[in-house]
Amino acid sequence: MPLGKRGLKRSPSSSSSTTSTTVTTIAFVALCVLGVWMLTGKTFSPPKTTTTATSDSGFSFSNEPETLKATEKNEHTVFEDNPGVLPIDAIQTGDPNQTHYTITNDKGSGGSDKQDEGNASSGGDDDSKMSDEQKVKKIIEEQKKQNEVDTQMSEDKTLIENQQFFVFDNNAKSSTEEMIKQQQLRENAGNQTLNANDPENHISDEDKRRSIEKHQEQHVQQKEETPFHSFSDQIVPYLQPPPQQEVQVSDSPKSENVTQETEQENTEETDGKRAKEHKLTNSNSGVSETWNPDGRNTGSSPKESLESRKSWSTQASQSQNEKERRKDESEGDEGNGNIDGYTWRLCNETTGPDFIPCLDNTKAIQQLRTTAHYEHRERHCPEEGPVCLVPLPEGYKVPIPWPKSRDKIWYRNVPHPMLAEVKGHQNWVRVTGEIITFPGGGTQFIHGALHYIDFIQQVSFPTGSEIQAVPKIAWGKYTRVSLDVGCGVASFGGYLFERDVLTMSFAPKDEHDAQIQFALERGIPAISAVMGTKRLQFPRNVFDLVHCARCRVPWHIDGGKLLLELNRVLRPGGYFVWSATPVYQKLGEDVEIWNAMSNLTVSMCWELVTIKMDKLNSAGFAIYRKPTTNECYEKRNQMTPPMCQNEDDPNAAWYVPLQACVHRVPVDKDERGSQWPEAWPHRLQRPPYWLNSSQMGIYGRPAPQDFTRDYKHWRYVVSTSYMSGLGINWSNVRNVMDMRAVYGGFAAALKDLQVWVMNVVNVNSPDTLPIIYERGLFGIYHDWCKLVPVMAEVDRIVRPGGKLIVRDEPSAVTEVENFLKSLHWEILFAFSKDQEGVLSAQKGNWQPDTYQPSS
């Protein structure tokens, strides 16, 4: 036992050999404990020839001092004279007041022996009077104390090495620089000591690099347990790879009551201050994480896999191919997007606060050859997106919050009384002083939309052999996503929220004075669009039900093009509810239209399920059902309208002209549209049946796994980050837009809130909009162009007091932040780290003083 003899002095004794053996054993155990501690110790001085643990010695360490975890890997033997690869802290001198433990081998000098004995005893003559057992206990106690000090030093050192500095004030930068200088001095001193003792033990730059990398890897593994000062209670590993652009736009209506408005404004101010207190910047550390305002990791937002793009078509490519096939030319959109020195100005348009760039393009409308098919109501976006700001209505007030906003809004916010004058007798809208009220009526449901909605569901379906098995409407279960054509002020869709149905309402911007603006101000989803000469901007086979109540659409003309467009977007087995005078009146024109519609629907193989009369509203409706097979098409006596060519892509919807033809129904069991989706809400959480595992998802995994992972990711991010900070009071949010929706995971994560989300899929991105509809959500195609027009558009569509959340690469987030500051938005929260930045901002009431020059 040579090591034991040198490690501890033996007390003089006349005991028997047995006693001597026992003491020797205890001493050996003590030295083993001491040796283990030396292997796990953070700070000790290396002698000439040192037996120590290396960074790659096969051990991993936790922040519990007495825990030692052995691994299978042991690349560097630490016995005999091989020092192994030393960790970076093993070559630092540290604090001279700290106790240094050094173990030498038998070949060391006497001086080393004395140093060893002194360091091991740590108590001089007092320790010589102790028993071996007491010495062991004392050594263990000192070891615990030392490890506690070393652990804290190691945590501080780890922060320095990884440059993980959370800067809260201007003084933090100088303090961190000083810490780095001190760290470098300690490293230099450690290297000098090592070289002086033994040149063979010199640690090369490569060895240090490997040691630091190994330590950083251990730090990453332990980051959930390591406290980062008082900033974070928990650090959770990120769930996804680094991000691409990801933006959510929301608005936050408030109460019309002065007291309630004040309370809500105070809440918003408190949330904003809380988020500002956590406005963070961070240098790259080599570890990808995303932090929420409480310091916890929110999971990096997903990044699209470049390889996955080969598996997905885009709406732009589908539509372009379709238009090229029809020999239609497409126009490009180019511009330099230079923003240096740009000054914001108000748009100089006659439409004022109601200006919509793609619908109020006067130059394009004046050049139209005809307006017979509502071409002047269609989208005519300018080649260069406007970079001016749309003014607010004079006297604009904080919007009334949902659900009160469904029934009343501020007149000042949508100052258009003409609709009340024209449609007041039908209970559409009324003006009473400073308030516009919505009694809930419509042209076909004067006595309220809710009665009308329930009457549609309660109708008795025929019991004939073919129609007996037809599922009923079943609002909120069988029917989840509906389309309301010619919606007016969208009361039909507004009341369907009570039946758990999401309705995409649309109407043209016409003489009815911004009826869609009324709907949005009420907190009801709606868009400005028209049944004209081009396809609607939706995928095929996505709506469970389509509704038209006196929507003023001539379905029967031009070979039935407009009704055939509804057939394209209606899901096989879905319903068309047509409430119009030709259904129940016998006037000459009504009879003519009814006969034409009957012939058209028969040739389209639509079943007339029922015709019912609502006595309360003195109106009636017909319900049709789209077929689920192609048998009827093959048995038609007259092939009018004809079947669409096989090359015709029914999914192409971006500026594609209408055609008078019928698309075949998908019948393959694995093809989208061949089966009805699961009942709501199950369809929200589960991958669609037609999402093939052999197809790579957007983020590089098999598509169903990608879908599930994205859903879990957004549920986690929303619950841990978005709900608890960013300066947003979600109880005041109603209308939300996700500008890069992908699978719709963000909207799905907001399911239990009183909000609706317009999911936007860029036409140049993988076409995932059908997945969004399949899970019971809705959305639209769009083309986000250059940043300056996009920021002007964001400022146009967000209400004063509304919020913007941006998640992107730090450089992009910084650029957006600069734009928002130029627009006088309030920055609520800003944070960047590694490859991701997060920004939250709130729009104010600022407007420029000058107008854009007339063109």
Side-chain angles (χ1 to χ4, degrees), residues 249-253 351 353-356 359 377 393 396 399-420 422-424 426-431 435-445 448-450 452-453 481-499 501-531 536-538 546-552 733-737 754-759 778-780 796-799 802:
V249 181
S250 62
D251 51 52
S252 51
T351 49
D354 297 323
F355 174 58
I356 300 176
L359 297 180
R377 305 296 187 195
Y396 183 88
I400 297 172
W402 181 269
K404 291 182 179 180
S405 62
R406 187 188 67 180
D407 302 326
K408 57 184 178 180
I409 63 173
W410 294 115
Y411 172 78
R412 292 281 186 178
N413 293 2
V414 191
H416 294 288
M418 192 186 78
L419 192 61
V422 176
K423 296 292 186 179
Q426 296 177 348
N427 281 338
W428 275 37
V429 55
R430 295 173 182 171
V431 178
I435 296 292
I436 296 178
T437 60
F438 302 89
T443 304
Q444 294 297 98
F445 41 92
L450 206 54
Y452 175 76
I453 289 168
V481 184
S482 66
L483 178 69
D484 189 15
V485 182
C487 63
V489 295
S491 290
F492 179 74
Y495 281 89
L496 272 174
F497 275 112
E498 294 192 18
R499 300 297 180 260
V501 175
L502 200 58
T503 304
M504 176 73 76
S505 302
F506 78 88
K509 185 181 182 184
D510 56 14
E511 67 276 5
H512 281 163
D513 279 343
Q515 51 194 334
I516 294 303
Q517 192 65 41
F518 279 115
L520 293 171
E521 185 72 15
R522 298 174 69 188
I524 301 172
I527 61 172
S528 294
V530 67
M531 301 291 298
L536 299 173
Q537 295 174 27
F538 311 118
V546 178
H547 173 258
C548 162
R550 293 281 289 276
C551 55
R552 300 170 60 189
V733 175
R734 175 59 182 172
N735 305 347
V736 181
M737 174 181 285
Q754 291 294 315
V755 302
W756 60 269
V757 181
M758 179 65 74
N759 294 282
F778 63 16
I780 197 168
R796 183 184 74 85
I797 65 178
V798 177
R799 292 168 167 169

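The analysis underlying the following values was restricted to heavy atoms, covering all of them including side chains, and did not include hydrogens, waters or symmetry mates. Since the model is a prediction, treat every value here as computed from it, not as a measurement.
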Among Val429, Leu520, Ile409, find the residue that satisfies the side-chain contact (heavy atoms from CB on, under 4.5 Å) test when tested with Val414. Ile409

Val489 versus Leu419, closest heavy-atom pair with distance: CG1-CD2, 3.7 Å

With sequence neighbours excluded, tell me which residues meet ring-ring contact (aromatic ring centres under 6.0 Å, His included) with Phe778. none

Please round to the nearest 0.5 Å and tell me the distance separating atom CG of Asp407 and atom OG1 of Thr437. 9.0 Å

For the student: nearest non-hydrogen atoms of Ala449 and Ser491, plus distance: CB-O, 3.9 Å

How would you list, by chain and number, every residue that makes a side chain to side chain contact (heavy atoms under 4.5 Å, CB included) with Pro439, sequence neighbours excluded? Asn427, Arg430

Does NZ or CZ of Arg406 lie under 6.0 Å from the centre of the six-membered ring of Phe438, at an angle within 45° of the ring axis? no

Partners of Ala549 by side chain to side chain contact (heavy atoms under 4.5 Å, CB included), sequence neighbours excluded? Gln444, Phe445, Tyr452, His547, Ser579

Using the side chain to side chain contact (heavy atoms under 4.5 Å, CB included) rule, take Asp354 and Lys509 through it: C-alpha gap first, then chi angles, then the decisive distance, then the call. CA-CA 10 Å; Asp354 297 323; Lys509 185 181 182 184; 4.2 Å; yes

Under 3.5 Å, side chain of Arg799 to main-chain N/O of Asn735, donor-acceptor pair present? no

Compare every heavy atom of Ala507 with every heavy atom of Gly488, then report the nearest pair and how far apart it is. N-CB, 4.2 Å

Quick one, Arg734 and Trp756 - any side-chain contact, counting heavy atoms below 4.5 Å? yes

If every non-hydrogen atom of Val501 is compared with every non-hydrogen atom of Ser482, which pair is closest and at what distance? CG1-OG, 3.8 Å

Search all heavy atoms of Gly486 against all heavy atoms of Cys551 and return the closest pair with its distance. CA-CB, 3.9 Å

When rounded to the nearest 0.5 angstrom, what is the spacing between CD in Gln537 and CD1 in Ile780? 5.0 Å

What residues, two or more places apart in sequence or in another chain, satisfy side chain to side chain contact (heavy atoms under 4.5 Å, CB included) together with Arg796? Ile356, Pro357, Val390, Glu793

Residue pair Met504 / Met758, side-chain heavy-atom distance below 4.5 Å: yes

What I'd like to find out is whether the side chain of Leu359 reaches to under 4.5 Å of the side chain of Arg377, using heavy atoms alone. no

Using side chain to side chain contact (heavy atoms under 4.5 Å, CB included) as the criterion, list what pairs up with Asn413, not counting sequence neighbours. Tyr396, Lys397, Pro399, Trp410, Glu521

Report yes if some heavy atom in the side chain of Trp402 is under 4.5 Å from a heavy atom in the side chain of Ile524; otherwise report no. yes

To the nearest 0.5 Å, tell me how far Leu483 CG sits from Ser505 OG. 8.0 Å

With side chains defined as the heavy atoms from C-beta onward, is the minimum distance between Gln754 and Phe497 less than 4.5 Å? no

Checking side chain to side chain contact (heavy atoms under 4.5 Å, CB included) for the pair Phe506/Asp484: CA distance, chi angles, key distance, verdict? CA-CA 6 Å; Phe506 78 88; Asp484 189 15; over 6 Å; no

Does the side chain of Gln515 come within less than 4.5 Å of Asp510's, by heavy atoms? yes

Residues that Ser528 engages under side chain to side chain donor-acceptor pair (under 3.5 Å), provided they are two or more places apart: none

Give the minimum heavy-atom separation between Ala490 and Arg522, together with the two atoms involved. C-NH1, 4.2 Å

